[in-house]
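Reviewing the structure listed below.
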Amino acid sequence: MTDHLSAVFTMLGPGGRRFADPESWARLESEVGTELRSDYKEFIDEYAPITVNSHLYFKHPATTRWNLLKDIRETEQAFRDADWDGLPHPETGAGGVLIPALSTDFGFHVFLSRSPRTPDWSVVVHDRDKGGYWEHAMSFAEWLYRHLIGR
């Protein structure tokens with residue numbers, strides 16, 4: 001079985017963990033009302049803020065300029081009127097199950113989801129320009145690995 005997070009780290013090389021700060025994650029998770037996936041937090045701590053493959057934008061909760069919590073709140077607001085066709089709207093808090101995770105420069109937003117349709121977290125990709133979404137029943141690290149290798 002592939003260790004997807006290690007495979008991603010190998011592809012990208014050392015990141016430096018410049019802003020790794022458990023306190024910033026505690027504040028963010030308190031604000032959004034849930035603990036986020038460990039593979040997502042590990043990736044963000046290792047690399048963010050960063051642009052990967054010239055189009056995946058990752059922010060970090062410990063930075064001021066590229067702040068993840070600010071981005072989560074802005075994305076929630078921007079997606080209030082989007083057609084989710086059966087998925088809940090992006091919303092954090094105790095009942096929140098769709099957490100904004102990253103954005104792209106070609107109209108896609110990526111969310112972490114706690115859907116009752118999957119046994120664990122999944123990754124949801126929403127095409128804001130054309131509408132519609134794709135739910136991937138896999139970890140964040142597996143989704144990122146597959147994206148980076150073109151699957």
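Keep in mind that the numbers below use all heavy atoms, side chains included, and drop hydrogens, waters and symmetry copies.
Between His126 and Phe111, the angle of the ring planes goes over 60°, which puts this pair in the perpendicular group of the 30/60° scheme.
Under a hydrophobic-cluster definition in which Ile, Leu, Val, Met, Phe, Trp and Tyr are linked whenever side-chain heavy atoms come within less than 4.5 Å, directly or via other members, Leu148 and Leu112 are assigned to the same cluster.
At distances below 3.5 Å, not a single donor-acceptor pair connects side-chain atoms of Ser30 with backbone N or O atoms of Ala26. Judged by distance alone, with hydrogens and angles left aside, the side-chain atoms of Glu135 form no donor-acceptor pair with the main-chain N or O of Val123 at under 3.5 Å. Side-chain atoms of Arg151 never come within 3.5 Å of backbone atoms of Tyr145 as a donor-acceptor pair (strictly under, hydrogens ignored).
The distance from atom OG of Ser54 to atom CZ of Phe106, rounded to the nearest 0.5 Å, is 11.0 Å. The line from CG of Leu144 to CG of Leu12 is 7.0 Å long, rounded to the nearest 0.5 Å. How far CD of Glu142 is from CG of Asp3: 11.5 Å, rounded to the nearest 0.5 Å. Atom CD1 in Ile99 sits 11.5 Å away from atom OG1 in Thr75 (nearest 0.5 Å).
Contact check for Trp143 versus Val110: side-chain heavy atoms found under the 4.5 Å cut-off. For the pair Leu68/Trp25, a side-chain contact is recorded, criterion being any heavy-atom separation below 4.5 Å from C-beta on. Looking at Ser139 and Arg37, their side chains come closer than 4.5 Å, going by heavy atoms from C-beta outward. For the pair Arg65 and His60, the minimum side-chain heavy-atom distance is 4.5 Å or more. Contact check for Leu102 versus Val52: no side-chain heavy atoms found under the 4.5 Å cut-off. Considering only heavy atoms from C-beta on, Ile149 comes within 4.5 Å of Met11 through its side chain.
Smallest separation of non-hydrogen atoms from Val8 and Ala141: CG2-O, 4.0 Å. Of all non-hydrogen atoms in Ile72 and Pro100, the two that sit nearest each other are CG1-O, 3.5 Å. In plain terms, the two heavy atoms of Glu46 and Pro14 that are nearest each other are OE2-C, 4.0 Å. Heavy atoms only, all atoms of each residue included: Leu69 and Asn67 are closest at N-OD1, 3.0 Å. Scanning all heavy atoms of the two residues, the minimum distance from Arg17 to Glu42 falls at NH1-OE1, 3.5 Å. The heavy-atom pair separating Ala137 from Ser122 by the smallest distance is CA-CB, 3.9 Å.
The only member of Leu36, Leu5, Asp39 that meets side-chain contact (heavy atoms from CB on, under 4.5 Å) when paired with Phe140 is Asp39. Checking Asp45, Ile50, Ile44 one by one against Tyr47, the side-chain contact (heavy atoms from CB on, under 4.5 Å) holds for a single residue, Ile50. The side-chain contact (heavy atoms from CB on, under 4.5 Å) test with Tyr133 singles out one residue from Leu98, Val124, Val125, and that residue is Val124.
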Between His136 and Arg146, does the side-chain contact (heavy atoms from CB on, under 4.5 Å) criterion hold? Intermediate values first, please.
CA-CA 11 Å; His136 305 277; Arg146 288 174 179 262; over 6 Å; no

Run the numbers on Thr51 and Asp105 for side-chain contact (heavy atoms from CB on, under 4.5 Å), then give the verdict.
CA-CA 10 Å; Thr51 302; Asp105 65 352; over 6 Å; no

Which is it for Phe108 and His55 under the side-chain contact (heavy atoms from CB on, under 4.5 Å) test, yes or no, and what are the steps along the way?
CA-CA 10 Å; Phe108 289 86; His55 67 272; over 6 Å; no

Can you list the steps and then say if Glu74 with Gln77 is a side-chain contact (heavy atoms from CB on, under 4.5 Å)?
CA-CA 5 Å; Glu74 288 172 355; Gln77 187 61 40; 5.8 Å; no

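Using a 4.0 Å cut-off between charged nitrogen and carboxylate oxygen, Glu29 and Lys41 count as a salt-bridge pair. Between Glu31 and Arg27, none of the side-chain N atoms (NZ, or NE/NH1/NH2) sits under 4.0 Å from a carboxylate O, so this pair counts as no salt bridge.
Checked against the 6.0 Å centroid threshold, Phe58 and Phe43 count as a close aromatic pair.
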